[in-house]
Asker: 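I have a structure here, written as structure tokens, and I will follow up with some questions on it.
Remember, it's 1-based here, ligands and their atoms both numbered in the order they're listed.
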Amino acid sequence: MAEIINGKEVAARVKAEVRNEVLRLKEKGIDTGLAVVIVGNDPASRVYVNSKKKACEEVGINSYEYALPEETTQDELLKLVGELNADERVDGILVQLPLPKHIDENAIINAISPQKDVDAFHPFNVGRIMIGEYNFLPCTPAGVMELIKSAGIELSGKDCVVIGRSNIVGKPMAMLLLHKNATVTICHSKTRNLKEICSKADVVVAAVGRANFVTADMVKDGAVVIDVGINRLPDGKLCGDVDFEGVKEKAGYITPVPGGVGPMTIAMLMKNTLASSKLKAGIKD
Ligand code: NDP
């Protein structure tokens, strides 16, 4: 029976640490601010934006919301990003994805100042992650690493499998595990013997976007199973990429959905925004 890694608890600890630091900065007259930009009326995006604003309130970060209509043009959005890049109140800029189809997401990501890119999606920051010299880590993979650390799991020399190769989750996830000296395999939709590869892994990180994709027969006894997936079932319930009930009987550690990686993503966004504020102020510790 697996030990359940409680993302809510770990996220609460990370946020409490951020809050202490934010208050310390305030005492020095330094305010920390996050601009949150949402375009259109996607209900899931609205939920995410609201959670991010709520987290800002919890940790004492000022949040500035820019809710733009669906018909906003790419040029209008680029203009706003330019203004936020120059805005002294703003330490982090978060443009909620996905954007409406007529806007090129890469053009927007590339326009965000790398110093304010608290999602760490800008090619400059992606490159820095590759060489292991970074100011910001992408929030979801960084949250996964924090969960693994919180459970006292040693990664050096371990066989880790990441299922999914997106720029946002899978690829940076693999890189962070590699930085911790794990031996990393990345699986994707063209992987031939996925089940065999997974069933040999010490650590499996699932970032596929398919409900119950990872089943108990794909998991080694005692393995660490981290579920990044967020899938909505026809009955409206949320579930991950892992068949939690089946896999928890076999794994050594497992993260639930909800209450696993999700809360960590937001906590790490707060951490990145604080890091940006400190960098701007020239505070190192
Ligand atoms: P993408 O859709 O961008 O990537 C999914 C990846 O899964 C792709 O690399 C794809 O392979 C791979 N894949 C799809 N089907 C299969 C299959 N049958 N076998 C093997 N690999 C497969 O998703 P994201 O990376 O953005 O997100 C993944 C999941 O994580 C989603 O459920 C998302 O909602 C969730 N998520 C959760 C977050 C959190 O805070 N908890 C944050 C971000 C995402 P290929 O490249 O070959 O197409």
Side-chain angles (χ1 to χ4, degrees), residues 5-8 10-12 14-15 36 42-52 54-55 94-99 101 105-106 109 118-121 126 129 136-148 160-177 184-199 201 204-215 217-219 225-234 236-244 254-272:
I5 307 178
N6 187 329
K8 276 192 200 163
V10 183
V14 171
K15 282 191 284 184
V36 184
D42 178 49
S45 291
R46 176 37 74 190
V47 171
Y48 291 134
V49 162
N50 287 349
S51 320
K52 287 165 188 176
K54 185 167 160 268
L94 181 135
V95 178
Q96 185 63 46
L97 303 179
L99 290 167
K101 296 246 177 316
E105 283 184 358
N106 282 337
I109 289 168
V118 284
D119 262 335
F121 293 164
V126 173
I129 291 158
F136 312 123
L137 287 174
C139 301
T140 301
V144 170
M145 295 305 282
E146 198 69 32
L147 287 177
I148 291 174
C160 297
V161 168
V162 178
I163 318 175
R165 57 171 164 180
S166 71
N167 290 332
I168 292 172
V169 188
K171 282 185 208 159
M173 186 71 250
M175 201 49 60
L176 299 192
L177 293 166
V184 187
T185 305
I186 307 176
C187 296
H188 47 78
S189 67
K190 306 290 185 290
T191 300
R192 282 200 213 139
N193 42 350
L194 192 141
K195 185 173 162 183
E196 191 193 328
I197 295 168
C198 273
S199 58
V204 176
V205 180
V208 190
R210 287 176 184 234
N212 299 325
F213 183 85
V214 176
T215 46
D217 57 336
M218 294 166 70
V219 172
V225 180
I226 308 284
D227 192 350
V228 178
I230 302 177
N231 308 293
R232 193 154 302 268
L233 296 172
K237 275 194 190 145
L238 280 187
C239 85
D241 290 344
V242 176
D243 168 22
F244 184 82
I254 191 166
T255 64
V257 177
V261 176
M264 291 307 296
T265 297
I266 296 180
M268 299 321 272
L269 176 69
M270 299 299 111
K271 201 169 170 176
N272 280 350

Asker: Does the side chain of Y48 come within less than 4.5 Å of I230's, by heavy atoms?
Answerer: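 In contact.
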Asker: Check whether any side-chain heavy atom of V36 sits under 4.5 Å from a side-chain heavy atom of Q96, and report yes or no.
Answerer: no
Asker: With the threshold set at under 4.0 angstrom, would you say T140 reaches ligand 1 through any of its heavy atoms?
Answerer: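 The answer is yes, since T140 has a heavy atom less than 4.0 Å from ligand 1.
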Asker: side-chain contact (heavy atoms from CB on, under 4.5 Å) with P138: which of V126, I168, I129?
Answerer: I129
Asker: Is there a donor-acceptor pair closer than 3.5 Å between any side-chain N or O of D119 and the backbone N or O of C139?
Answerer: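 No, D119 side chain to C139 backbone: no donor-acceptor pair under 3.5 Å.
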Asker: Identify, for atom 44 (C) of ligand 1, the protein heavy atom at the shortest distance, and state residue, atom and that distance.
Answerer: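 Answer for atom 44 (C) of ligand 1: V169 CG2, 3.9 Å.
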Asker: Is there a donor-acceptor contact under 3.5 Å from the side chain of N193 to the main chain of E196?
Answerer: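 Not at all, since once roles are kept as given, no pair shorter than 3.5 Å links the two residues.
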Asker: N231 heavy atoms, cut-off 4.0 Å: which ligand 1 atoms fall inside?
Answerer: 32 (O)
Asker: Take V214 and C198 through the side-chain contact (heavy atoms from CB on, under 4.5 Å) test and state the conclusion after the steps.
Answerer: CA-CA 9 Å; V214 176; C198 273; 5.7 Å; no
Asker: Tell me the protein heavy atom at minimum distance from atom 16 (C) of ligand 1, and give that distance in Å.
Answerer: V208 CG1, 3.7 Å
Asker: Nearest protein heavy-atom contact for atom 21 (N) of ligand 1: which residue, which atom, what distance?
Answerer: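 Of the protein heavy atoms, H188 C, 3.1 Å lies nearest.
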Asker: Which atoms of ligand 1 have any heavy atom of V261 under 4.0 Å away?
Answerer: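 Checking each atom against V261, I get 41 (N).
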Asker: Please work out, at 4.0 Å between heavy atoms, whether the side chain, the backbone, both, or neither of M264 comes within that distance of ligand 1.
Answerer: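 Contact part for M264 vs ligand 1: neither.
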Asker: When rounded to the nearest 0.5 angstrom, what is the spacing between CE in M270 and NZ in K52?
Answerer: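 The NZ atom of K52 is 8.5 Å from CE of M270, to the nearest 0.5 Å.
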Asker: Indicate yes or no: at least one non-hydrogen side-chain atom of C239 is less than 4.5 angstrom from one of N231.
Answerer: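 Yes. Closest side-chain heavy atoms under 4.5 Å.
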Asker: Taking a cutoff of less than 4.0 Å between a non-hydrogen atom of the residue and any ligand atom, is V228 in contact with ligand 1?
Answerer: yes
Asker: Provide, to 0.1 Å, the distance between atom 47 (O) of ligand 1 and the closest protein heavy atom, together with that atom's residue and name.
Answerer: S189 OG, 2.5 Å
Asker: Which atoms of ligand 1 have any heavy atom of G164 under 4.0 Å away?
Answerer: 6 (C), 7 (O), 9 (O)
Asker: Can you confirm, on distance only, whether ligand 1 has an N/O atom lying under 3.5 Å from any N/O atom belonging to K190?
Answerer: no
Asker: Out of C187, S166, P138, P98, whose heavy atom is nearest to atom 4 (O) of ligand 1?
Answerer: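 Selected option, by shortest heavy-atom distance: S166.
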Asker: Using a strict cut-off of 4.0 Å, indicate which atoms of ligand 1 neighbour a heavy atom of F213.
Answerer: 17 (C), 18 (N), 19 (N), 20 (C)
Asker: If you have a sec, work out which protein heavy atom is nearest atom 9 (O) of ligand 1 and how many Å separate them, to one decimal?
Answerer: R165 N, 2.8 Å
Asker: State whether the side chain of T255 and the backbone N or O of D227 hold a donor-acceptor pair below 3.5 Å, judged by distance alone.
Answerer: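 Confirmed, T255 side chain pairs with D227 backbone.
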Asker: Compare all side-chain heavy atoms of T140 with those of V261 and state whether any distance is below 4.5 angstrom.
Answerer: yes
Asker: For ligand 1, is there an N or O atom under 3.5 Å from any N or O atom of G170?
Answerer: no
Asker: Distance to 0.1 Å, residue and atom name: give those for the protein heavy atom nearest to atom 15 (N) of ligand 1.
Answerer: R210 NE, 3.2 Å
Asker: Using a strict 4.0 Å cut-off to heavy atoms of L194, name the atoms of ligand 1 that fall inside it.
Answerer: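 This gives 20 (C) as the contact atoms.
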Asker: Do the side chains of V161 and C187 get nearer than 4.5 Å, heavy atoms only?
Answerer: yes
Asker: Taking the side chain as C-beta and beyond, is there a heavy-atom pair between V242 and I254 under 4.5 Å?
Answerer: yes
Asker: At less than 4.0 angstrom from any non-hydrogen atom of T265, what atoms of ligand 1 do you find?
Answerer: 39 (C), 40 (O)
Asker: Using protein heavy atoms only, decide if any is under 4.0 Å from atom 32 (O) of ligand 1.
Answerer: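 Yes, because at least one protein heavy atom sits under 4.0 Å from atom 32 (O) of ligand 1.
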Asker: Output the distance between atom SG (C160) and atom CD1 (I186), rounded to the nearest 0.5 Å.
Answerer: 11.5 Å
Asker: Between F136 and V118, what is the shortest heavy-atom contact and its length?
Answerer: CE2-CG1, 4.4 Å
Asker: Measure the distance from atom 34 (O) of ligand 1 to every protein heavy atom, then report the residue, atom name and distance (to 0.1 Å) of the closest one.
Answerer: I230 O, 3.4 Å
Asker: Distance under 4.0 Å to a non-hydrogen atom of G262: what atoms of ligand 1 satisfy this?
Answerer: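 Per the distance check, 40 (O), 41 (N).
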Asker: Considering non-hydrogen atoms of the protein only, which is the closest contact for atom 29 (C) of ligand 1, and what is the distance?
Answerer: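 Looking at atom 29 (C) of ligand 1, the protein heavy atom closest to it is G209 N, 3.7 Å.
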Asker: Of the choices G240, A44, A207, which has the non-hydrogen atom that lies closest to atom 28 (C) of ligand 1?
Answerer: A207
